Every structure is written in structure tokens, then in C-alpha cells.
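Written below as C-alpha cells is the structure these notes are about.
Values reported hereafter were calculated over all heavy atoms of this structure, with side chains retained and with hydrogens, waters and symmetry mates removed. It should be emphasised that the depicted structure is a prediction, and the values quoted were computed from it without experimental measurement. Naming: A, B, ... by sequence-line order, numbering from 1 per chain.
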Amino acid sequence: MKLGFRQYVSRIGFSAFAAILGAVFALPLIWFLFAPFNARAELGLATPDPFTLQNFAAVFENSFAIRALLNSLIQSVGGVVLVGGAATLAAYALSRSAMPGKGAVTYVLLLFSSVVSGSAAMVPIFLIISAMGLIDSHLAVILVFAGGLLPTGMFILRDFIDGIPRSYEESAMVAGASPVQAFFDVALPVIRPGIVVVVVWAFVNIWGSFLIPFILLRSEDLMPASVAIYSFYSEAGTPVVTLLAAYALIYSLPVIALYLFVSWKFGFRFFGGIKA
Amino acid sequence: MKKFTLLSNRTGSLFMAPAAALVGAFVIAPFFWIIFVSFTNRTLLGKTAVNPEFVGLDNYIALFDPSNFFTRGQFGFSLILTIQFVLFSAIIGQAVLGLLLAWLMQAVPKPVKSLTETAVIGAWILPEVVIGFAWFAFLDYDNGTMNEILTSLGLPRGDWLLDYPFWVIVFFNTWRGAAFSMMLFNSAFSSIPPSYFQAADVAGASSWQKFRDIALPLVRGHVVTDLILITMWTFNVFTPYLLTKGGPSYRTEVLSIYTYRIAFRDFEFGKGAAVGVVIMFINLAFALIYLRVARKKAAGEAQ
């Protein structure tokens, strides 16, 4: 189609405006791409001079910082395994069994999970964890995240499983498989993409989260990276910019990698509506 | 024909058990527990930590005490601040910016589209502490990028975090969360048949006319969904703490930060629980509206 002069001008206008908006969004983030490689990084935006990987080396020598990354990994993987496992089983049961009130269960769960969230949840969650004697343990963080993310995870997976024809499992059972065998051998491979989505979503949520570990943990050697990053502040409360920037980049890498993986594999659209 | 069930009720409940235990302990139980605690004078330390006393409605009466309701650092001040925060950063900021971005993305060339989307989504998916620090650096008085830009344009510098803390967290939350609205509206716009717009093109409609008369009416349902969700999230968000810690002098102490201070800094769990209960009922109102809208939409789609 040939563009008229007016359309041509408006096309350019749209693109310029979109580019400016993109730049506004990128501005606070650009600092964070340059500073980790700058030996003399300050809070200002500057091209690395001299360019160095020394900041990363210094972070890797800091055993506290590395242990914090490991703690993040333990808590995220622990939470993800629980969410993925429990959500898959429960969503499958909700989709395939004839239990009464299945629809109501899903709605009530979603309702509760959006009511008991964030600021409203911190006091009772602390009290429950403390009553269980779990304050200051990895398990506390893992269980709380698992409980909080499960309703949404179940909802996503149930939608997904409802979309898969039951005839696969039915024919397996006609051929003599037990319901449990039909689930593990026939259904599970088919619903794996749905599980991947839930697992990635749960991982990103736990990995990036600050409030829950901040409230539930006391010992320095259990802190995940989201809390430990504040140790890169000097006694006077000013940040050690070079190390903090390098650490922030390392800490962000898994999230970036998972985002790239998901948008390559599925496109990013599905993410709409499911960020807790 | 008898319907063939895949899972007996017994196997089904067995499959449900792990999820039920976790959700029961960490989602359902907290709901009731917090209501109970809000009627006591439970603290973190001292005598009342172990043996809290029942104090009836005292915590609620203290929260809604008219003599200091609007004083800085009190519940009422935080509540009003939070409402303003939601209004400006979610309903106006995120929704309008998200809608604008999604509309622009329909028309721009692919490289501009993917670069802009990457920046917007990056703001949304990166860990909150990283984002918090990036903004702290961005707004720094001496070296921050923001002031560098202003200086190069011949404009005066500002000590943003000190002088305009509320507007900083509003812009911050708008910037951080616009991606969700953008993606939601993006998928809404792409579900509109292209022939509608082609017909409008033939009739010589401007972009604004196409937006107002075709796109907006067709995505009205998505607008409602978007507004409810971002309101709920923004209402509960704790991220401003990473930028301002609620200060200076309580000027950015939204309800989530207020709850944190009362419960975990002042150790007054009873009062913190009462705040939590108020927040929960506000959340409940929004969640009920949301489920109603979602249900209606599902019913509409099924027809």
C-alpha cells in the first residue's frame, strides 16, 4: 500500500514518540549496564573508564555475597518444587475428578490469595511461622512462598489441563492403566509446557522478592541476595557502588535468562494477568 | 451413557492434599488468625508477647481516633496517602501509559517496537531491590542521570527524594508497573479484526479517531480488568520502602510500610494486625468486583 504524505508524517511521529518513551524507560536501567564494568563507578551515568571485570572478581571473593546467591537459589528452587508439584497434582484433580464444588474451590482460593497478600499478610504470616518454630529458616521462606503462589499456579494449570482432551488418559485406562499411571505416564508429558510456565513464573517471583525473607529471617548466613545486597553499604550508609552494581547484575541474570527463554519458547503474552 | 471419571474422589482428594495443606496453613489460616490477633494487645517482646490480653476494639478505636487521624505517621494519613498513590500511579499512571504504549506499538516499525518493549518489560521483571537501587542512583543529587540531563538542558537540579518524595514513588511505581497494562492492552488490541481499521483507513479516519471510536470501545472490558488488578497490586506494594523507607518524615509511608513499621519496628502486633484487617477488607472488596467481572466475561465468551 502506498502511503500518503499525512500517513507518512504520522508514522514517523509515532515512531519518534515511542522511541522517546522507550528511552525514558531505559534511562534508570542504563546506569546498571555500565557501572558494573567501571572501575571508578559512581552514581552518575558514565561509560566504563577504565573498562574492567575487577568488580565481578571482588564480588566473587566476597563469601557472604556468594552464599546469599546460594540462599536465593535454595529458597527459590525449594519454593518452585513445592508450587510446581502441589499445583500440578491439585489442578489435575480439579480438572479430572468429579468432586463436588470444584468451581467454588478455585474461586474461593483466588479470592483468599488476593485478600491475604503483601501488607495484610505480613503480621499473621510472621505469627504462624513463629508458632511453628520456623522463624529464621529456609523452610519458613519456602513454605510461605509456596502457600502464597499456589492458588494462582493452580488456576493457571487448571485452565491449561481443561484444554487438553481427556481421551488420552481414557484410552490408557481402557487399556488397563490405573488412574495414577494414567496421570504420570500419559497426562504429565502433555501438561509439561503448562508446568514450565508456572515454574518459571514462581521462580521469578521468589527470586526477586524482598519482604518475606526480610521479615522471616534473622541470621546473615540465611539471607537471600535480595536482602544481602544491602551489605554493600558502608557503615556510614553510603553504597559501595562498584560492588553493588556488579552484584546487582549477577543477581538479575537468572531472571533475564528465564525471560529470554520464555519469550523464545512461548512468546511473552501468556504472562498477562499472572504476576502476584 | 455413564460418564467415565478419570479420578475417583479418593484419589482426587489425595492429589489435592499437599496444596490444601500449604494453602490452608499460609493463606486461609492467616486470614482468621489476623482477625483474632487484632482484638489483642499482642507485642513482639515483653509480657504481652506470650500472654496477650483481649482488648476488644481498642486497636481499631486507636486507628480511627479522630483527634490525630490525619496527623503524619498515623493510620489516616497513610490511608489517604495510599489512595492518592493508587490514584496517581496505578489508575492514571500505569493504565494511561500502558494504553498509550500498547496503541503506539501497533503502528511503529519492528526495531523501535522491540527495543521499547524490552525497556518497559525490563522495568517490570527485574528484582525489586535492583530497580530500587537503579532509581536511587538515577535520582542522586550530585551525580544522578536525572540531574545531569536537567543541567545539560539548562534547567535547575532537584533533590528529588527529599523535596518531592511522594511524586518520586508515584513516578517510580508508574514506571515499574506500566508493562503489565501495556501487555494486557496489546493482546486486547491484537484481538480486534484488522478489517475494522482498514475500513476506517478507507474512510480517512485519523489515528485518534480510530483509537476513540473503534479500539477503545472494543477493549472496554480489558480496561476494567486492568484497573482492578493494578489497583489491588499497587495498594499492597512494598517496593517504595526500598527507595524512601517511608520517609522523609512519613511523607511516603503508604499502608504497607505503615504496617511494617507498627508491627516490626514498634513491635505492636495487635495494632499491626488491625491495620492488616482493614487492608484485607479493602482487598476483599476489589477481589469480589474482579471475580464478578471475570465471571461475566467468561460467561459472555462461552455464549
Answer yes or no: is there a side-chain heavy-atom contact under 4.5 Å between [X] and [Y]?
X	Y	value
B:P127	A:S226	no
B:P30	A:I128	yes
A:F214	B:F264	no

* To do: Show your reasoning for whether ring pair (Phe, Tyr, Trp, His ring centres under 6.0 Å) applies to B:W103 and A:F14.
  => CA-CA 10 Å; B:W103 183 247; A:F14 269 101; 7.6 Å; no
Considering non-hydrogen atoms only, spot the tightest contact between [X] and [Y] and give its length.
X	Y	result
A:A120	B:M280	CB-CG, 3.4 Å
B:A119	A:G22	CB-O, 3.7 Å
B:E128	A:L211	OE2-N, 4.2 Å
B:V27	A:V116	O-CG2, 3.5 Å

Side chain, backbone, both or neither: which part of [X] has a non-hydrogen atom closer than 4.5 Å to chain B?
X	answer
A:L244	side chain
A:L143	both
A:A121	neither
A:L249	neither
A:A131	side chain
A:Y247	neither
A:V227	neither
A:A182	neither
A:I129	side chain

How long is the straight-line distance from [atom2] of [Y] back to [atom1] of [X], given to the nearest 0.5 Å?
X	Y	atom1	atom2	answer
A:L21	B:L97	CG	CG	6.0 Å
A:Y107	B:R292	OH	CZ	12.5 Å
B:W33	A:I125	CH2	CD1	11.5 Å
A:L27	B:M146	CG	CE	9.5 Å
A:L149	B:F26	CG	CZ	12.5 Å
B:F31	A:S113	CZ	OG	12.5 Å

* Between A:F126 and B:F269, does a ring pair (Phe, Tyr, Trp, His ring centres under 6.0 Å) hold up when you go through it step by step? -> CA-CA 10 Å; A:F126 178 88; B:F269 271 87; 5.3 Å; yes
Between [options], the one whose heavy-atom pairs under 4.5 Å with chain B are most numerous:
options	value
A:S130, A:A93, A:S119	A:S119
A:Y251, A:F183, A:F17, A:F112	A:F112
A:L110, A:I215, A:L109	A:I215
A:I229, A:V24, A:L127	A:L127

* **Contact winner vs chain A - B:Y260, B:Y241, B:F286, B:W135, heavy-atom pairs under 4.5 Å** =>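 So the answer, after comparing B:Y260, B:Y241, B:F286, B:W135, is B:Y260.
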* Proximal component of B:A285, with respect to chain A [non-hydrogen, under 4.5 Å] ->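 Neither; nothing under 4.5 Å.
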* Asked: How are the rings of B:W175 and A:F25 set relative to one another: parallel (under 30°), tilted (30 to 60°) or perpendicular (over 60°)?
  ->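 Parallel.
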* Report the C-alpha separation of B:F138 and A:W31 in whole Å, then their side-chain angles, then the decisive distance to 0.1 Å, and conclude whether the side chain to side chain contact (heavy atoms under 4.5 Å, CB included) test is met. => CA-CA 8 Å; B:F138 181 62; A:W31 171 85; over 6 Å; no
